[in-house]
Structure formats: C-alpha cells, structure tokens
Amino acid sequence: MGADNAVPGWLAGKAIVVTGAGRGLGEAYARLAAAEGASVVVNDVDVDAATRVAAEIGAVCDDSDIASWEGAGRLVEACRNAFGRIDGLVNNAGIFRLADPREQDPVEFRTVVEVNLLGTAYCGLHAIRAMLDQPGGGSLVNITSGSHAGSAAMGAYGASKGGVASLTYCWAADLAGTSVRVNAVSPNADTRMADTFERYLGERARGQNVGKSPSSNAPAVVYLLSDAAAGISGQVVRVDGEELSLMTHPGVVLPAVRISEWTVAAVAEAFDEDLARRQQPVGLPPAPRVAGSPVAGEGAS
C-alpha cells in the first residue's frame, strides 16, 4: 500500500492558508490540502483565479495583497474569522523577472523582493503570532527555490528565495521548543514561470522543469503541514521529479586555513596552495539517484 493511503485525511480538522493559490503550484497545494481534510483559504491577487479554485474545492477565497504588512494581516485574520484558528500557512505567492544584471530594472528587482521575501515574512510573522497564541501551535511551509544556489538571469528571484531559506532557518531557531514549526520546500514543476525560464535561457535552462507536474510537489507540502511531521523543523525539502531530498544549509567548508599574520600575501598564498582548488560550484545540479535507495510506495518501509 502506498504512503498516501496509510492515513486518511492527513490534514483533517486543520485550517490552512495557501498564498498564490490561484494557479500552478499554489493551486496544487490548496487542492491536496482540501482533499486531505483541511479547511482552506485560497489567496491570490487574481481574484477570478482564486474564486475559481475556492469554488471547486469548497474553500474560502481571499485576494489580500500579501506584499504589504496590512494585507498579510488581513489574510491571517480571514482564516481565523472563517475557521477560528490557523494551523498552517503555505507561503507560495511569488513573482519572477528574468534579467541579465547589465540590464536589470531596479524597480522590477525591488518588486520581486517585496512579493517573494517581504510577503513571505509578513504572512509568516502574523501567522507565527497567531499560532503561538492558540492551543496546538501550527506549521509554516515557505516555498523557496534551487535558484538561490545560483542560476543565470535570476538574480532578483534567487536573492529573494535565498532570503526565504534564511528566514526558514532563523525562524526555526527562534521557535525551537515551541509548538510552531517552520520548514521550506524547493519545488520543481512545469508551470508558466518555468516556461518563461525555458524560453529565455534555451539550452542553458537544461529542461530542468519539463514534464514535472505541480501536483507531484503537493504531497511534501501537505506532509510538512501535518502532525506526522511534528519532529521536522528548519529543513528545506527538495522535490525534483521522482527525487525527494534535503538541501544542505549554508556552512563553512572545512578544514580552514590558519593564518597567523593577516596580510594580502598570506591570503593569496592560502588561495594558491589550498582554497582555489576547493571553490564551491555555482548552481544546483540534479540530485543523483542513490543506488539501492527505496522508492516510496514501491516496497519502501
């Protein structure tokens, strides 16, 4: 029996907010959350898209602009007013603009950061306070991207999503020992955003999102929202086609080179003799399949 059939209603009785849920990945998260028993708030600034999804899954529609502190607060309150509490928040809303740094529009850069990073921060801050103030706490799932490891033409988007990953680590540290958990998911899917990326970069895009459905990313998000993930916090979960993995946190590459007297010449010597050959790769290569690793639902235990 597959893992999806192990426990009926993974989110039964929970109130969940999904931002940017009018289409694509957000819609997939909202649909599975509702199918798994959650009461859902479908948020999207495209009110027609949000209304459609909400009507189809029996959810509450909300068109608050999460890029503002007030809008994020209204969204969280909409969930509490409708269902009496907020048990989960999926910070999915985001935009992206592709640009070479020599041609980057500063206004577009700012807009990407405001929606992707500040929107996530504002919704998260309101939700954390509400969750700490209610019995049972809750779970935040932030949506980041592998682009924060380095991707051509995605400086604004990658920087914003790197900020989202850092928020995840910091909030998990802040909330350790409480009833509120914070994790992130780095999804891969064939969406309108991915299509734009493929067209812009051509062969350099490596077809990394082609053929990967938004719905394949939703089970990981629902798991992290559920009580089954009670012991999981501060993690970035990567979904890539048939691969499920954890992303490494930023850290120091060891061993360090000891320098007793700081001079430019001493630093140059450290690079010439050691550090230059240990430079870290830019970008996120596809996760290799580990020989003999179990496949969930196919005999995995």
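As the structure is a prediction and not an experimental result, all values here were calculated from the model.
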Is atom CZ of R278 surrounded by more than 12 heavy atoms (other residues, nucleotides or ligands) closer than 6.0 Å? yes
dist L75:CG -> D65:CG (nearest 0.5 Å) comes out at 10.5 Å
Check whether any side-chain heavy atom of F83 sits under 4.5 Å from a side-chain heavy atom of V41, and report yes or no. yes
For Y223 and A229, the nearest pair of non-hydrogen atoms, with its separation, is O-CB, 3.3 Å
All heavy atoms of V40 vs all of A34, minimum pair found to be CG2-N, 3.8 Å
**Asked** Hey, are T120 and N142 close enough side-chain-wise for a donor-acceptor pair under 3.5 Å?
**Response** no
d(E70 CD, Y122 OH) to nearest 0.5 Å is 8.5 Å
- Before giving the answer on side chain to side chain contact (heavy atoms under 4.5 Å, CB included), spell out for V185 and R238 the whole-Å C-alpha distance, their side-chain angles and the decisive distance to 0.1 Å. CA-CA 6 Å; V185 169; R238 175 80 171 167; over 6 Å; no
Item to complete: For side chain to side chain contact (heavy atoms under 4.5 Å, CB included), just list the numbers for T19 and C123, CA-CA rounded to whole Å, side-chain angles, deciding distance to a tenth of an Å, and then say yes or no.
Response: CA-CA 9 Å; T19 68; C123 289; 4.3 Å; yes
L89 reachable from V45 in the ILVMFWY side-chain graph, under 4.5 Å edges:
no
Scanning both residues in full, the closest heavy-atom pair of E261 with A266 reads O-CB, 3.6 Å
Check: Where the side chain of K161 meets the backbone of A149, is there a donor-acceptor pair that is under 3.5 Å apart?
Finding: no
Could you check W171 against V180 for side chain to side chain contact (heavy atoms under 4.5 Å, CB included), going step by step and ending with a plain yes or no? CA-CA 10 Å; W171 282 347; V180 178; over 6 Å; no
Separation between OG (S68) and CD (E114), nearest 0.5 Å, reads 10.0 Å
Q. Can you find a side-chain donor-acceptor pair between S160 and N116 that sits under 3.5 Å?
A. yes
d(L32 CG, L11 CG) to nearest 0.5 Å is 7.5 Å
CD of Q235 to CG of L246, rounded to nearest 0.5 Å, is 5.5 Å
Check D62 with R74, please: is the shortest side-chain N to carboxylate O separation under 4.0 Å? no
When hydrophobic residues are tied together by side-chain contacts of less than 4.5 Å, even through go-betweens, does F96 share a cluster with V107?
-> no
Do E36 and R31 meet the salt-bridge criterion of a basic N to acidic O distance under 4.0 Å?
no
Any donor-acceptor N/O pair, D133 side chain to R129 backbone, under 3.5 Å
no
- Are V47 and I95 co-members of a hydrophobic cluster defined by side-chain heavy atoms under 4.5 Å apart? no
| query | Should W69 and H126 be marked as a side chain to side chain contact (heavy atoms under 4.5 Å, CB included) after you check the CA-CA gap, both sets of side-chain angles, and the distance that decides it? | reply | CA-CA 9 Å; W69 176 254; H126 282 292; 3.3 Å; yes
What one should report as the nearest heavy-atom pair of D87 and K14 is OD2-CA, 3.4 Å
Distance col, row L140:CG vs L175:CG, nearest 0.5 angstrom, shows 8.0 Å
Checklist entry - Can you check whether L224's main-chain N or O pairs, donor with acceptor, with S139's side chain at less than 3.5 Å? => result yes
Establish whether V264 and V257 are linked, either directly or via other cluster members, by ILVMFWY side-chain heavy-atom contacts under 4.5 Å.
-> no
Discussion item. For S64, is there any backbone N or O sitting under 3.5 Å from a side-chain donor or acceptor partner on N43?
Written reply: yes
